[in-house]
**Student:** 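This is the structure I want to talk about, given as structure tokens.
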Amino acid sequence: QVQLVQSGAEVKKPGASVKVSCKASGYTFTGYNLHWVRQAPGQGLEWMGRINPNSGATDYAQKFQGRVTMTRDTSISTVYMELSSLTADDTAVYYCARGHDFRLDYWGQGTLVTVSS
Amino acid sequence: QSALTQPASVSGSPGQSITISCTGASSDFGGYNYVSWYQQHPGKAPKLMISAVSNRPSGVSNRFSGSKSGNTASLTISGLQAEDEAYYYCSSYTGSTSLYVFGTGTKVTVL
């Protein structure tokens, strides 16, 4: 069965960077894009970008361009999302999700990133 | 790209039908019919309920249905059940720089 397992919660100081991982299993890793979506406390969902695990090509939301980097390691079926220059506004749960025909059909469990001095 | 607009809350009694709207500019939908709906219970990851405006993934109850007219998409839940109480988010592929946009979210309450 398809599973996306994310890394654990992080606490970071303002100005730091965070790198969240998402390990895929149960399907052909290189066959589907992986997306990152975040949700600030009590707020809605926000699309951040996606990576093609086969080619490594990325598309980022305009809001995060220059601050987000998505990468992959095909040898361990894992994608990474790194967000730099963190502020308190980046405190959120970060989800990875598999993209299939313009829908996000499987989601990871989420990773809470807390930015606090 | 601003979020798609949804009502903050919708409520209904068990057995009733409710409809959640999702409105945006034509650029938000990009001329495509790639609107999805996600259900999210508190503290849980979102779950895909509807894709491509009206397609229901395997395992999703047929009480959930979707439609779209112009720049407004809708999710209808018929035969409302207690387990349907959750937040619902629409999403659309835009085809522009920010490829996907989500709605503001709707809290569904079963009275």
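These values consider heavy atoms only, across backbone and side chains, with no hydrogens, waters or symmetry-generated copies. Numbered from 1 within each chain, the chains take letters A, B, ... in sequence-line order.
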**Student:** Would a single hydrophobic cluster contain both B:V108 and B:I50, if residues Ile, Leu, Val, Met, Phe, Trp and Tyr are joined by side-chain heavy-atom contacts under 4.5 Å?
**Tutor:**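 The answer is yes; both residues are in one hydrophobic cluster.
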**Student:** If you measure from CG on B:L99 to CZ on A:F102, what distance do you get to the nearest 0.5 Å?
**Tutor:**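 Rounded to the nearest 0.5 Å, the CG-CZ separation comes to 9.0 Å.
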**Student:** Out of curiosity, does A:L86 fall in the hydrophobic cluster containing A:V68 (side-chain heavy atoms, cut-off under 4.5 Å, transitive links)?
**Tutor:**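 Linked, A:V68 and A:L86 end up in one cluster.
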**Student:** Got a second to check how far B:Y34's OH is from A:R103's CZ, nearest 0.5 Å?
**Tutor:**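 Rounded to the nearest 0.5 Å, the OH-CZ separation comes out at 11.0 Å.
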**Student:** For the atom pair CD (A:Q39) and CZ (B:F102), what is the distance rounded to the nearest 0.5 Å?
**Tutor:**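 If we round to the nearest 0.5 Å, A:Q39:CD and B:F102:CZ are 9.5 Å apart.
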**Student:** Checking heavy atoms, do the side chain of A:D59, its backbone, both or neither come under 4.5 Å from chain B?
**Tutor:**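 The side chain, not the backbone.
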**Student:** Hydrophobic clusters here meaning ILVMFWY residues chained together by side-chain heavy-atom distances under 4.5 Å, can you tell me if B:L48 and B:V60 are in one?
**Tutor:**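 Hydrophobic grouping puts B:L48 apart from B:V60.
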**Student:** What pair of heavy atoms forms the shortest contact from B:A45 to A:G108, and how long is it?
**Tutor:**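 Heavy atoms only, the tightest pair is CB-O, 3.3 Å.
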**Student:** Are B:Y87 and B:V35 connected in the hydrophobic side-chain network, where two residues link if heavy atoms are under 4.5 Å apart?
**Tutor:**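 No: no chain of side-chain contacts under 4.5 Å links B:Y87 to B:V35.
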**Student:** Relative to chain B, which segment of A:V93 carries a heavy atom at a distance below 4.5 Å: side chain, backbone, both, or neither?
**Tutor:**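 Looking at A:V93, nothing touches chain B.
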**Student:** Need one label for B:Y89: side chain, backbone, both or neither, based on atoms under 4.5 Å from any heavy atom in chain A.
**Tutor:**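 For B:Y89, the contact with chain A is made by the side chain alone.
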**Student:** Is there a side-chain contact between A:D105 and B:P57 (heavy atoms, below 4.5 Å)?
**Tutor:**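 SC-SC contact between A:D105 and B:P57 ruled out.
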**Student:** Heavy-atom distances under 4.5 Å only: say whether A:Q65 touches chain B with side chain, backbone, both or neither.
**Tutor:**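 When you check distances to chain B, only side chain atoms of A:Q65 fall under 4.5 Å.
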**Student:** Do A:Y106 and A:W47 sit in one hydrophobic cluster, given that two such residues count as connected whenever their side-chain heavy atoms are within less than 4.5 Å of each other, even indirectly?
**Tutor:**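 They do not share one cluster, since no chain of ILVMFWY contacts under 4.5 Å joins A:Y106 to A:W47.
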**Student:** By a 4.5 Å heavy-atom criterion (distance strictly below it), what part of B:S98 contacts chain A: side chain, backbone, both, or neither?
**Tutor:**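 Both the backbone and the side chain of B:S98 come within 4.5 Å of chain A.
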**Student:** Please determine, among A:Q109, A:M48, A:R50, A:Q43, the option with the most heavy-atom pairs under 4.5 Å with chain B.
**Tutor:**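 That would be A:R50.
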**Student:** Rounded to the nearest 0.5 Å, how far apart are CD of B:Q40 and CH2 of A:W107?
**Tutor:**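 Going from the CD atom of B:Q40 to the CH2 atom of A:W107 covers 8.0 Å.
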**Student:** Could you tell me whether a side-chain N or O of B:Y38 sits under 3.5 Å from a main-chain N or O of A:L104, the two making a donor and an acceptor?
**Tutor:**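 Yes: the side chain of B:Y38 pairs with the backbone of A:L104.
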**Student:** What are the two closest heavy atoms between B:K44 and A:Y95, and how far apart are they?
**Tutor:**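 Answer, listing the atom of B:K44 first, then A:Y95: O-OH, 3.3 Å.
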**Student:** Taking everything shown except B:K107 itself, do over 12 heavy atoms lie less than 6.0 Å from its NZ?
**Tutor:**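 Atom NZ in B:K107 is not packed in, count stays at 12 or less.
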